[in-house]
Number of protein chains: 2
Amino acid sequence: MSTQEPKQQRSRQRKNDVLTAATRVFARDGIAKAKMADIAKEAGIAVSSIYDYFPTKEALAYEIPIQRLAQLYAEFEDRAAALPTTRDRLSLFLTMTADHARANPDWARLLYLEIWPSVLIQEARVRRSVDDFGRIIVAMLREGSHRGEWSASLDPHRTATILMGSIAHMLITWLLYRRPADLEAATGPMVEQLMGMLEV
Amino acid sequence: MSTQEPKQQRSRQRKNDVLTAATRVFARDGIAKAKMADIAKEAGIAVSSIYDYFPTKEALAYEIPIQRLAQLYAEFEDRAAALPTTRDRLSLFLTMTADHARANPDWARLLYLEIWPSVLIQEARVRRSVDDFGRIIVAMLREGSHRGEWSASLDPHRTATILMGSIAHMLITWLLYRRPADLEAATGPMVEQLMGMLEV
DNA sequence: GATAAAAAGCGAATATTATTCGGATTTGGT
DNA sequence: ACCAAATCCGAATAATATTCGCTTTTTATC
């Protein structure tokens, strides 16, 4: 089998087991060093069975962030609808991004340390999923300028680079060194400082 | 032989050839996918000879950024000495970082896309070399506060995260997508916007 | 509820590559 | 010119991702 939708019930369960096991192993050893044998053992199936669901080790690795990122974006849309200003929505997006990483550190290690900056990502779905992050921020920056919440002369791409880079870098140092020790407490001031940059 | 200083002249030359070839191949294929055979062919030597200079493929990969980063820091110290304000020195450091990447894109791909965020870096020298980047910035931020160039209430670690993250992210998108198209022209405004954040 | 086709599962090959080994060749000092 | 050390290389070795062919399980149909 390839990566088609499975027809049987057990199969869907198995595929999920593999993804869960893989997330843990990849986060621990990195994609390159991770062994298919370890993933299979952790999922409780035969190595060759993994290939019934995913064509290669990399495809397996890339599947992981796609799902949860989509979930994050959807949840954001839900919660953002209630907020009056673009500034509030932008703050929420950055905060949710950090919270999401804190709540799913294995997933975050895989995404921020291995996949996000990877040279190797050819697969369109992963690329799109990561690029959406930038598109969402740029769109909000444009909207805020348009609504007069901040200066219209602010370059949206440059500013998006600052916002994304800052949050990503905070998460990377947290993932690698657990600094800041309390990520949740540190996120608020970080977002505040970044938002302060938008003031006219 | 291990990684000791070579005693013979040809050896030093060869070691350099290997590093140059490896930089190109790693930048093109990524560390995990790069083949020792390709590096050997590009350097014009036998595969097994590479192991006379470097114990493993990763050690070879990690050697590359160490040298040039040290070179960047040294060059910065030189040029910074002439500048009167901390703000000028900080601007220079960020600008030099971007210029250095633009001038050595293969090296930069290896550093920013593969090594910097890597889970796998155990080797102390690489880690130190990368961490120095943060230490240099934090030190300047403290100095600037102390000299009254910006508010003393500015958290140096948080601000360093913003500066490093923003520059790194700008370089990453340039390396992956060649956007902004003219990195040199984009660096100035980026540094300006970041410095604007320091104003009291 | 018996049966056949499809799907899922697995152990044993296979293939690709990093790494090691042993001996041949080259170098630098005398 | 000669020796010891350094360098170099081709041919094993070892680790591990991926493929293959067969067995077991599931689902649909009567």
Side-chain angles (χ1 to χ4, degrees), chain A residues 1-26 28-64 110 114 118 120 122-123, chain B residues 1-26 28-64 110 114-115 118 120-123:
Chain A
M1 261 212 67
S2 72
T3 335
Q4 306 308 314
E5 267 308 294
K7 298 291 158 33
Q8 301 192 3
Q9 185 50 46
R10 181 175 51 152
S11 177
R12 224 160 302 163
Q13 178 58 41
R14 275 282 163 95
K15 187 168 179 178
N16 252 349
D17 292 348
V18 173
L19 279 172
T20 306
T23 304
R24 228 183 346 252
V25 174
F26 283 141
R28 189 187 63 210
D29 301 335
I31 297 174
K33 291 285 185 65
K35 293 178 207 153
M36 294 300 268
D38 286 351
I39 297 173
K41 184 189 278 186
E42 187 130 354
I45 67 171
V47 174
S48 59
S49 295
I50 298 179
Y51 289 86
D52 290 337
Y53 301 107
F54 306 96
T56 65
K57 187 168 80 161
E58 277 78 23
L60 168 55
Y62 295 160
E63 188 74 15
I64 295 168
L110 194 57
E114 300 234 50
S118 174
L120 306 165
Q122 318 292 2
E123 217 214 318
Chain B
M1 261 212 65
S2 71
T3 334
Q4 306 308 314
E5 267 307 295
K7 297 292 157 34
Q8 301 193 3
Q9 184 51 46
R10 181 176 51 153
S11 177
R12 223 161 303 164
Q13 177 59 41
R14 273 283 162 94
K15 188 169 178 176
N16 253 347
D17 292 348
V18 173
L19 278 173
T20 305
T23 304
R24 229 185 342 254
V25 174
F26 283 142
R28 190 187 63 211
D29 300 335
I31 296 174
K33 290 285 185 66
K35 293 178 207 155
M36 294 300 268
D38 286 351
I39 296 173
K41 184 189 277 186
E42 187 130 354
I45 66 171
V47 174
S48 58
S49 295
I50 298 179
Y51 289 87
D52 290 335
Y53 300 107
F54 305 96
T56 66
K57 187 167 81 161
E58 276 79 24
L60 168 55
Y62 295 161
E63 187 75 15
I64 295 168
L110 193 56
E114 300 236 48
I115 291 177
S118 173
L120 307 164
I121 300 184
Q122 318 293 2
E123 217 213 318

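Proteins get letters first, then strands, A, B, ... in listed order; numbering begins at 1 in each. A quick note: this is a predicted structure, and the numbers were derived from the prediction, not measured.
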K.L.:
Figure out the OH/C1' separation between Y51(B) and dG23(C), and round it to whole Å.
P.N.:
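Those two atoms, OH and C1', are 20 Å apart.
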K.L.:
Separation of Q13(B) atom CD from dT27(C) atom P, in whole Å?
P.N.:
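Going from Q13(B) (CD) to dT27(C) (P), I get 13 Å.
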K.L.:
Rounded to the nearest Å, what distance is computed from the CD atom of residue E58(A) to the C1' atom of nucleotide dA17(D)?
P.N.:
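After rounding, the gap between these two atoms is 10 Å.
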K.L.:
Please report the distance, rounded to the nearest Å, between CG in D52(B) and C1' in dG22(C).
P.N.:
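It is 13 Å, rounded to the nearest whole Å.
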K.L.:
Can you measure F54(B) atom CZ to dA18(C) atom C1' for me and round it to whole angstrom units?
P.N.:
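Distance check: F54(B) CZ to dA18(C) C1' gives 16 Å.
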K.L.:
Using 0.5 Å steps for rounding, measure from the CE atom of M36(B) to the OG atom of S49(B).
P.N.:
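Nearest 0.5 Å value for the CE-OG distance: 10.5 Å.
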K.L.:
What is the distance, to the nearest angstrom, from the CG atom on D29(B) to the C1' atom on dT17(C)?
P.N.:
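That distance rounds to 14 Å.
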K.L.:
With the threshold set at under 4.0 Å for non-hydrogen atoms, list the residues of residues 35-49 of chain B touching DNA chain C in residue-number order.
P.N.:
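Correct list: K35(B), M36(B), V47(B), S48(B).
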K.L.:
Checking A37(A) now: which residues fulfil side-chain contact (heavy atoms from CB on, under 4.5 Å) with it, not counting sequence neighbours?
P.N.:
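Residues passing side-chain contact (heavy atoms from CB on, under 4.5 Å) with A37(A): V47(A).
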K.L.:
Atom OH of Y53(B) and atom C1' of dT7(D): how far apart are they, to the nearest Å?
P.N.:
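Value for this atom pair: 6 Å.
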K.L.:
Can you name the side-chain contact (heavy atoms from CB on, under 4.5 Å) partners of S48(A), sequence neighbours left out?
P.N.:
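Testing S48(A) for side-chain contact (heavy atoms from CB on, under 4.5 Å), a comparison that skips the adjacent residues, returns A46(A).
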K.L.:
Using whole Å, report how far CZ of R14(A) lies from P of dT24(D).
P.N.:
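Distance check: R14(A) CZ to dT24(D) P gives 16 Å.
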K.L.:
Under a 4.0 Å N-O cut-off, is there an ion pair linking R28(A) with D38(A)?
P.N.:
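Looking at R28(A) and D38(A), the cut-off is met.
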K.L.:
Say you draw a straight line from CD1 of I31(B) to OH of Y62(B); how long is it, rounded to the nearest 0.5 Å?
P.N.:
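Nearest 0.5 Å value for the CD1-OH distance: 5.5 Å.
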K.L.:
Heavy atoms from C-beta onward define the side chain here; which of dA17(D), dG9(C), dT19(C) lies closest to that of K57(A)?
P.N.:
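Side chain of K57(A) sits closest to dA17(D).
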K.L.:
Report, one line per pair, each donor and acceptor closer than 3.5 Å where one atom sits in a side chain of residues 18-26 of chain B; sequence neighbours left out.
P.N.:
{"from": "T20(B)", "atom 1": "OG1", "to": "N16(B)", "atom 2": "O", "distance (Å)": "2.9"}
{"from": "T23(B)", "atom 1": "OG1", "to": "L19(B)", "atom 2": "O", "distance (Å)": "2.7"}
{"from": "R24(B)", "atom 1": "NE", "to": "E42(B)", "atom 2": "OE2", "distance (Å)": "2.3"}
{"from": "R24(B)", "atom 1": "NH2", "to": "E42(B)", "atom 2": "OE2", "distance (Å)": "2.9"}

